[in-house]
Amino acid sequence: MEFNLAQVFSAVASANPERDCIVFGHQRFTYAQTEERARRFARALNAWGFGAHRERSELAPHESGQSHLGLYMANCNEYIEGMLGAYLARVAPFNVNYRYVADELVYLLDNAGADAVMYQARFAPTLAEALQKGQLQAVRLIHVDDGSGNEPLPGAVRYEELLASVSDEPLDLTPSPDDLYVLYTGGTTGMPKAVLWRQHDIFVNAMGGRTYGTGEVVASLDEVAERSRADGPGSMTCAPMMHGAAQWAAFINLCGGRPFVMAPTTTHFDPAEAWALASRERVVSMSIVGDAFGRPLVDELESGDYDLSGLLILVTGGAALSAPLKQRFVELLPQLTILDAGGSSESGSQMGQVSSRGQSASGRFAPNPGAVVVSEDLTRILAPGDDEIGWLAQQGLIPLGYLGDPEKTARTFPVIEGIRHSVPGDRARWAADGEIELLGRDAVTINSGGEKIFAEEVEAAIAEHAAVYDVVVTGRPSERWGNEVVAVVQLRQGQQADADSIIAEAARHLARYKLPKEVVFRDRLQRSPSGKADYRWAKAQVT
């Protein structure tokens, strides 16, 4: 059987109607309430004429036959309701980076061919400017009140009034496994692109369609519903829902019948609030994105007093958690297992690395089904034990392509040895024991003196310095080397260190040619809301 996300959620909601589904601060929504609100939203979208207008069999991989709904919001219950309601109406929702300025927003809405935008009130001024600049007057607007005081933009309808204006009767529509899940890439090294997934493929790959540990795929909606009846603690995300890792964490919980918990403060990350909420809700797992969330969390954990005896798993996706932070976490929470989940928008969940008090991470990842390494020239699938540095790739359930871009689709999803692969751009080496050594994204690899240096590897080495709070490594032009490595460093508050001591620490872990030629200090490093390094910003600091 193949699955549609809306149908999966509806089956789970029918099996667990009174169980908590979404916990957003002190607001609680049961599965029945969430399903009803999603049905109402679906009916409103359908009444506007939105839905699927061409089926997948009529389309090229880079094409969409559905209406597109932008979700321009920070974390809130409406974000999840918007996704579910759109899926019920066969509308394709897409994530919008809420830090974008108007010009970036114009690009995104135009690239997506947005038919509607669901936005939180606080983003109304930027959206208004973008709509005017892009001459996007035909876009339908849905205004979500958030306490900011901004009134709806001209022509916008308030979300709650929209829900109240329609019936909660299900639509006479049958969602398809071919309906799209659309995820825009972060755009930290270039312009963001919309990755198009079949919903069945993303459900099985990254949203709970497989049994963890065995890789077994669920066989039917009845099996999904039956599995969801087992009551258990919920999970929490600290990452924004506009990031793929947070969406995947949400749907793993929603499709498993467990509560999904989000902190109410969305203007900034509040680690004390996060720990208090995790303690109150007795969550079993928490998902974050690398050191940007891990550092403030572990600092607060050392100074605060929280009952986190129920927290067993810390998941980081989208960015690695450095070894010193992992060590601090497991010292403070001895029961904790840390899972580094490797993957990307274009590959889904690919591999994992486990750390705990009794098990240190090896620096390599155990591959999920379909994860392989292919040769640098994209002609061969490598075998475990090959010395060649190749590309991390994924076979099997992978995206269709990039919206509106057949050339980039062909480059990123090549056919190798007769098998279609996803090759997003991460360099890797396949160890003899079958584990994969992830070296880093090629787009931020620095070619210095003829040697390829992976920025993430240098960042991990510098992060071992006790005074370093955050670090991003980039390259800049050099007459001698062609390009040279430069580290942009933020020191811990109240601590001091000079460039020589930081380079000396890195030299304990790296070959000499990989060491930074200079260390640039900044009071604070700029990262995306999801915690990923902003390499364009870093390059501007050093050039």
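Summarising the geometry of Ala246 relative to Ala239, their closest heavy-atom pair is CB-O, 3.8 Å, with the distance given to 0.1 Å. When all heavy atoms of Cys255 and Val8 are compared, the closest pair comes out as SG-CG1, 3.5 Å. Taking both residues in full, the closest heavy atoms of Leu525 and Trp537 are given as CA-CH2, 3.8 Å, listed atom of the first, atom of the second, then distance. Heavy atoms only, all atoms of each residue included: Leu400 and Leu180 are closest at CD1-CD2, 3.7 Å. Gly232 and Pro259 get closest at one heavy-atom pair: O-CD, 4.0 Å. Shown here for Gly25 and Arg280, the closest heavy-atom pair between the two residues is O-NH2, 2.7 Å.
Among residue pairs with one or both ends in residues 317-343, none qualify as ring pair (Phe, Tyr, Trp, His ring centres under 6.0 Å); sequence neighbours excluded. For residues 79-88, the set of pairs meeting the salt bridge (Lys or Arg N to Asp or Glu O under 4.0 Å) definition, not counting sequence neighbours, comprises Arg37-Glu81. Within the structure, ring pair (Phe, Tyr, Trp, His ring centres under 6.0 Å) pairs that include any residue of residues 418-443 do not occur (at least two apart or interchain).
Residues Pro177 and Phe3 are not in side-chain contact: their nearest non-hydrogen atoms beyond the backbone lie 4.5 Å or more apart. Using a 4.5 Å cut-off on side-chain heavy atoms (C-beta onward), Gln394 and Val372 make no contact. Using a 4.5 Å cut-off on side-chain heavy atoms (C-beta onward), Phe203 and Glu2 make no contact. Looking at heavy atoms from C-beta onward, Arg527 lies in side-chain contact with Val472 at the 4.5 angstrom threshold. Between Arg357 and Glu331 the shortest side-chain heavy-atom distance does not fall below 4.5 Å. Within the 4.5 Å cutoff, side-chain heavy atoms of Glu78 are placed close to those of Met73. Using a 4.5 Å cut-off on side-chain heavy atoms (C-beta onward), Leu312 and Thr337 make no contact. No side-chain heavy atom of Pro233 sits under 4.5 Å from any side-chain heavy atom of Val283.
Comment: Arg99 does not engage Glu104 in a salt bridge, judged by the lack of any side-chain N to carboxylate O separation of less than 4.0 angstrom. Look at Asp299 and Arg328 and you find a salt bridge, because one of the NZ, NE, NH1 or NH2 atoms lies within 4.0 Å of a carboxylate O, short of that distance. Remark: Arg429 does not engage Asp387 in a salt bridge, criterion side-chain N to carboxylate O under 4.0 Å. Using a 4.0 Å cut-off between charged side-chain N and carboxylate O, Asp433 and Arg364 make a salt bridge.
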* Check step by step if side-chain contact (heavy atoms from CB on, under 4.5 Å) holds for Arg210 and Leu397. => CA-CA 12 Å; Arg210 293 187 194 272; Leu397 301 176; 4.0 Å; yes
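Under 3.5 Å, the side chains of Tyr87 and Gln7 contain no donor-acceptor pair of N or O atoms. Looking at Gln350 and Asn368, their side chains never bring a donor and an acceptor atom within 3.5 Å of each other. Between the side chains of Asn111 and Tyr184, a donor-acceptor pair is found at a separation under 3.5 Å. Inspection of the Asp222 and Ser220 side chains reveals no N or O donor paired with an N or O acceptor under 3.5 Å. Counting only N and O atoms by type, the side chains of Asp270 and Thr265 include no donor and acceptor under 3.5 Å apart. Side chains of Thr185 and Ser345: no donor on one and acceptor on the other come within 3.5 Å. In the model, Gln120 has no side-chain atom that pairs as donor or acceptor with a side-chain atom of Tyr98 under 3.5 Å. A side-chain donor from one of Ser10 and Glu35 sits under 3.5 Å from a side-chain acceptor of the other.
With rounding to the nearest 0.5 Å, the separation of CG in Leu403 from CG in Leu183 is 12.5 Å.
Evaluated for a side chain to side chain contact (heavy atoms under 4.5 Å, CB included) with Asp291, the options Leu325, Leu297, Val471 yield exactly one hit, Leu325. Here the options are Gln199, Arg198, Arg90, the test is side chain to side chain donor-acceptor pair (under 3.5 Å), and the partner is Asp179; only Arg90 passes.
Of the possible polar contacts, none joining the Asp178 side chain to the Arg56 backbone as a donor-acceptor pair under 3.5 Å is found. Side-chain atoms of Asp386 never come within 3.5 Å of backbone atoms of Glu388 as a donor-acceptor pair (strictly under, hydrogens ignored). Glu63 places a side-chain N or O within 3.5 Å of a backbone atom of Ala60 that can act as its donor or acceptor partner. Distance alone, capped at 3.5 Å, is enough to place a donor-acceptor pair between the Thr409 side chain and the Tyr402 backbone. One N or O on the side chain of Ser375 and one on the backbone of Arg380 form a donor-acceptor pair closer than 3.5 Å. Judged by distance alone, the side chain of Arg427 and the main-chain N or O of Gly390 form a donor-acceptor pair under 3.5 Å. Of the possible polar contacts, none joining the Asp426 side chain to the Leu439 backbone as a donor-acceptor pair under 3.5 Å is found.
Every salt bridge (charged side-chain N to carboxylate O under 4.0 Å, His left out) that Glu226 has, sequence neighbours left out, goes to Arg229. Thr316 meets the side-chain contact (heavy atoms from CB on, under 4.5 Å) test with Ile288, Leu321, Asp340; sequence neighbours excluded.
Between Phe29 and Phe24, the ring center distance fails the sub-6.0 Å criterion.
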Let me check something: any side-chain donor-acceptor pairs from residues 411-419 under 3.5 Å, sequence neighbours excluded? List them with distances.
from: Thr412; atom 1: OG1; to: Lys408; atom 2: O; distance (Å): 3.1
from: Glu417; atom 1: OE2; to: Ile381; atom 2: N; distance (Å): 3.0

